[in-house]
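Remarks on the structure that follows.
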Protein chains: 2
Amino acid sequence: MAPRNSNKKRTKPIRTQILDAALHLYSSKGYFNASIHDIQREADVSMGSIYNHFSGKEAIAKALYDDLLGEMEALVDDSIADHDTAASRCRATIKALFEHTESEPEKTGFILNARHREFLTDEAPICSSQAFVKMRDIVHAGVRSGEVRDMQPWTAASMAFGPALRMIVLRLDGMIEHPLPESLDEVWSLTWDAIKAR
Amino acid sequence: MAPRNSNKKRTKPIRTQILDAALHLYSSKGYFNASIHDIQREADVSMGSIYNHFSGKEAIAKALYDDLLGEMEALVDDSIADHDTAASRCRATIKALFEHTESEPEKTGFILNARHREFLTDEAPICSSQAFVKMRDIVHAGVRSGEVRDMQPWTAASMAFGPALRMIVLRLDGMIEHPLPESLDEVWSLTWDAIKAR
DNA sequence: GTCTATAATCCGATAGAC
DNA sequence: GTCTATCGGATTATAGAC
């Protein structure tokens with residue numbers, strides 16, 4: 001039979017079609033409730049195409065995870081590159097995460113909410129990923145330079161990013177009804193007041 | 001055949017055996033990777049007993065969820081009953097959660113980490129549960145009494161409990177290597193400094 | 001490379017003896 | 001009430017045509 005996408009100019013590569021469909025289904029139903037048949041239907045491709053591009057169901061989730069965690073790490077990297085103090089770097093990271101939550105809620109939810117270790121075999125905890133370690137290191141560098149009060153590295157990271165991460169979860173769950181960037185200044189000034197050296 | 005537990009005095013009721021086994025398996029493998037056969041083996045009871053006590057797999061998770069969320073709500077209720085200011089109530093709640101994390105890490109993880117909406121049909125988001133709403137209300141009452149700075153209710157709750165909740169996740173994931181109660185005073189004094197009226 | 005149809009497996013739930 | 005054995009259905013993955 002004629003390939004499903006051969007007669008019209010394809011807007012997205014098949015790999016992207018599949019990953020987009022998977023992200024949407026994982027967000028709405030969760031990984032285990034989304035069968036590959038669901039993904040196949042949602043992406044409007046065949047089973048053959050799925051298994052031509054990915055070795056199996058877990059590989060789809062793994063590719064998505066790596067892609068999205070990479071995007072998040074890039075947000076952190078940009079925040080570091082564009083600023084030169086712990087305070088401004090933290091604030092820029094939170095700003096980027098808040099904006100990412102509004103523009104790509106499904107991506108943000110997949111990274112922050114999903115229990116990856118339940119479906120990705122031998123994956124390390126997400127807190128040990130580069131993105132989260134770099135966030136911790138921003139604050140810890142501030143401790144070493146005297147800009148931030150003396151604290152254990154993970155305590156400092158929890159103080160700096162805990163409130164913002166909590167608000168992202170509440171926003172994704174529909175508890176907070178206004179866009180997060182509107183709260184950035186308030187949250188950040190309170191947060192920074194708590195941890196800055198004095 | 002003779003009932004599996006009939007010849008020795010049973011230490012725990014069968015319902016409890018099943019729920020304990022389920023909690024342990026959910027913690028280590030996740031709900032969807034733990035089959036009913038796994039639970040049956042781990043609890044050392046038969047399939048017949050499982051279905052005599054519960055209507056199905058989801059009902060086990062639902063019972064566990066209700067039990068554990070009830071325990072957590074009781075911790076919050078006690079913290080409210082034993083204290084009379086927003087500050088001391090918040091601190092007591094965080095203290096109880098930190099201790100609960102150390103004494104019952106699997107229970108704490110099931111409540112704070114698991115994606116319940118993926119396996120409990122028609123369950124509201126956990127943030128809207130009584131335990132979490134009461135935590136928010138403790139802080140919001142402080143706002144209304146002038147003890148806490150003026151903020152949106154969920155913002156105030158995120159500021160008050162976000163760092164502590166983040167530390168619990170990091171502790172459960174093995175990133176933080178010392179018992180959380182050791183960090184209570186440091187975390188709470190910084191947190192309270194950030195939100196108290198001045 | 002893409003497609004449909006099918007195979008192999010696993011899981012939740014039930015039947016029926018005791 | 002507890003037990004074992006089994007069924008039906010869903011799911012992942014593959015075979016083989018085009």
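Labels below follow one simple rule: chain letters A, B, ... track the order of the sequence lines, proteins then strands, and each chain is numbered from 1. Side chains are part of it too, since the values below use all heavy atoms of this structure and drop only hydrogens, waters and symmetry mates.
With rounding to whole Å, B:F32 atom CZ is found 10 Å from C:dG12 atom P. When rounded to the nearest whole Å, the span between NE2 of A:H37 and P of C:dA5 equals 13 Å. With rounding to whole Å, A:M47 atom CE is found 17 Å from D:dA17 atom C1'. With rounding to whole Å, B:D44 atom CG is found 12 Å from D:dT2 atom C1'. Between the CZ atom of A:R15 and the P atom of C:dT2 there is a distance of 14 Å, given to the nearest Å. Atom-to-atom, CD of B:Q40 to C1' of D:dT2 comes out at 12 Å; the value is rounded to the nearest Å.
Checked options A:K12, A:R15, A:K107; the residue passing with A:D20 is A:K12 (criterion: salt bridge (charged side-chain N to carboxylate O under 4.0 Å, His left out)).
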### Query
Yes or no on side chain to side chain donor-acceptor pair (under 3.5 Å) for A:S46 and A:Q40, after CA distance, side-chain angles and deciding distance?
CA-CA 6 Å; A:S46 69; A:Q40 172 241 321; over 6 Å; no

### Task
Decide yes or no on ring-ring contact (aromatic ring centres under 6.0 Å, His included) for B:H116 and B:F110, but give the supporting numbers first.
CA-CA 9 Å; B:H116 313 101; B:F110 184 75; 5.5 Å; yes

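Under 4.0 angstrom from either OP1 or OP2 of D:dT2 there lies no side-chain N or O belonging to B:S46.
For A:V45, the listed nucleotide lying nearest its side chain is C:dC3; candidates were C:dC3, C:dC11, D:dA5. When distances run from any side-chain atom of B:I36 to the nucleotides C:dA5, C:dG12, D:dT2, the shortest one goes to C:dG12.
A donor atom on one side chain and an acceptor atom on the other are not found under 3.5 Å apart for A:S158 and A:T155. Between B:S183 and A:Q152, the side chains place no donor N or O within less than 3.5 Å of an acceptor N or O (distance only, hydrogens not considered).
Residues B:F132 and A:L170 have side chains not in contact (no heavy-atom distance under 4.5 Å, counting atoms from C-beta outward).
For the contact set between residues 48-60 of chain A and DNA chain C, defined by any heavy atom under 4.0 Å, the members are A:G48, A:S49, A:N52, A:H53.
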